[in-house]
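Protein chains get the first letters and strands the later ones, always in sequence-line order, with residue 1 at the start of each. Model, not experiment: these values are computed from the prediction.
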Number of protein chains: 2
Amino acid sequence: MNPLLAHIVDDDEAIRDALTWLLRTRNVASRTWSSAEEFLAAWQPDFHGCVVLDIRMREMSGLECFDVLLERGNNMPVIFLTGHGDVPMAVGALKKGAFDFLEKPFDDNALVDVVIRAVESDARRMASQEAQATMSSRLAQLTPREIEVMHLVLTGKFNKVIADELNISMRTVEVHRSRVFEKMGVRSAVELAQLLAPGRD
Amino acid sequence: MNPLLAHIVDDDEAIRDALTWLLRTRNVASRTWSSAEEFLAAWQPDFHGCVVLDIRMREMSGLECFDVLLERGNNMPVIFLTGHGDVPMAVGALKKGAFDFLEKPFDDNALVDVVIRAVESDARRMASQEAQATMSSRLAQLTPREIEVMHLVLTGKFNKVIADELNISMRTVEVHRSRVFEKMGVRSAVELAQLLAPGRD
DNA sequence: TTCCACACTGCGGATGACCACAATTGCTGC
DNA sequence: GCAGCAATTGTGGTCATCCGCAGTGTGGAA
């Protein structure tokens, strides 16, 4: 259903092939690109899995490619490979959010383990992001006034108080409140609060 | 009120003094130790600020010291300094949660900037941890039955339904519910949900 | 102009939440 | 045994919520 997938960006065909083969034996599919430019041209916001990125490549380097991905809002974990890395480079990459930073020659199993952790991490991210997308689409259905009322409801205020603050009648607040519950698919203010505040219990 | 504080662990007195002086000019206080052992012996769970940790020291290394801190549940950001670090060492430290990893010779201003970011980050952590501690102490005051009822209340169920599920009368549920609100310092189920689900809006 | 979404309001009733008053049972510790 | 806490239940009343029914007004789209 959700195939594990690694995006391999390296200008060395031997590395690409070796990695692809290695990952296949561990049940992870691969897509390969021979340059950062090529990968970036193909990249879409809905890409999932992880990125294995060689640092030293002709033209655009892996680090530059990473920066572009960050600008574009990429969410996939990025694993760097390098033969000539130094400490500041590794530190900088990790602090920017890279998933890992491995030096060549690397242990095959170690790399595959890292890739698997990365794709699994991405799968978890996708799952939580999906729930969030549902929320956003529901919130988008609310009228401005409904959103306003919803926020006040979420503070635990009585309808009477909300009515006073908005200078409208209690009945109107009730109507908005009811519509909010209906559109958000909940049956009480508590459920709404839980929905808008995930990760609990 | 909350003095910015750096814990400097380095067996080179010249470095300790230089760092202390540098930080003082930027309004950050320092405490210094000449070995990891000495620092660990003094360490208390309520230490705050940040740790500046040299990696190569006689006896216990900075990395070993870091591991001990992690076991003990240290929360302070740890900044590593090293003259002979390598990439795997830096990557390992950062993935374990180190705040930064700097190579000597380092730029004075850069280090001070990092330290300041670290102590500020710790101050934020302390603030949120404090709120969480308040929560925990309040939750600790609840009886088992009250906690049980609270969880059901937080699902948005009616008192009647909760009563059925626990095989008790509605009146009893009301009493527990009321005590929960009282002990948790809230006035409605929505406020309770907000309290137990921070970081929203 | 007609239709429609949105905001607004009132009335009255059913249901749920909350509370003061009052009380019983069981267990723990002095 | 008695004090104290936790859990339990009932009565009766007040306040809040929820909802159907009914209606007004406004601004934008067809």
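- Note: B:Phe47 and B:His7 have parallel aromatic rings, judged against thresholds of 30 and 60 degrees for the angle between ring planes.
- Electrostatic pairing of B:Arg56 and B:Asp11 does not count as a salt bridge here, judged by no charged N lying under 4.0 Å from a carboxylate O.
- Where B:Ser178 and B:Val175 each meet DNA chain C at their nearest nucleotide, the meeting point lying more 5' is that of B:Ser178.
- The footprint of chain A on DNA chain C, defined by a heavy-atom cutoff below 4.0 Å, extends from C:dC6 to C:dC11.
- Where A:Lys183 and A:Glu174 meet DNA chain C, the nucleotide closest to each residue was compared, and A:Lys183 sits on the side nearer the 5' end.
- Counting heavy atoms of neighbouring residues, nucleotides and ligands inside a 6.0 Å radius, atom CZ of A:Arg24 does not exceed 12 of them.
- Contacts of A:Arg171 with the nucleic acid, taken as non-hydrogen atoms under 4.0 Å apart, include base atoms.
- In summary, contact between chain A and DNA chain D, defined as any nucleotide atom under 4.0 Å from a heavy atom of the protein, begins and ends at D:dA16 to D:dC21 in the 5' to 3' direction.
- For B:Asp107, the CG atom counts as densely surrounded, since its 6.0 Å shell holds more than 12 non-hydrogen atoms of other residues, nucleotides or ligands.
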Could you go step by step and tell me if A:Leu111 and A:Leu22 meet the side-chain contact (heavy atoms from CB on, under 4.5 Å) rule? CA-CA 9 Å; A:Leu111 173 59; A:Leu22 266 176; 5.5 Å; no
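- With respect to the salt-bridge test (charged N to carboxylate O, under 4.0 angstrom), the residues A:Glu120 and A:Arg117 do not qualify.
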What verdict does the side-chain contact (heavy atoms from CB on, under 4.5 Å) test give for B:Leu152 and B:Leu166, after you've listed the backbone C-alpha separation in whole Å, the side-chain angles of each residue and the deciding distance to 0.1 Å? CA-CA 10 Å; B:Leu152 293 172; B:Leu166 298 179; 3.9 Å; yes
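- Between A:Glu174 and A:Arg171, at least one side-chain N (NZ, or NE/NH1/NH2) sits under 4.0 Å from a carboxylate O, which counts as a salt bridge.
- Residue B:Thr172 is classed as a base contact, given a heavy-atom separation below 4.0 Å to a base.
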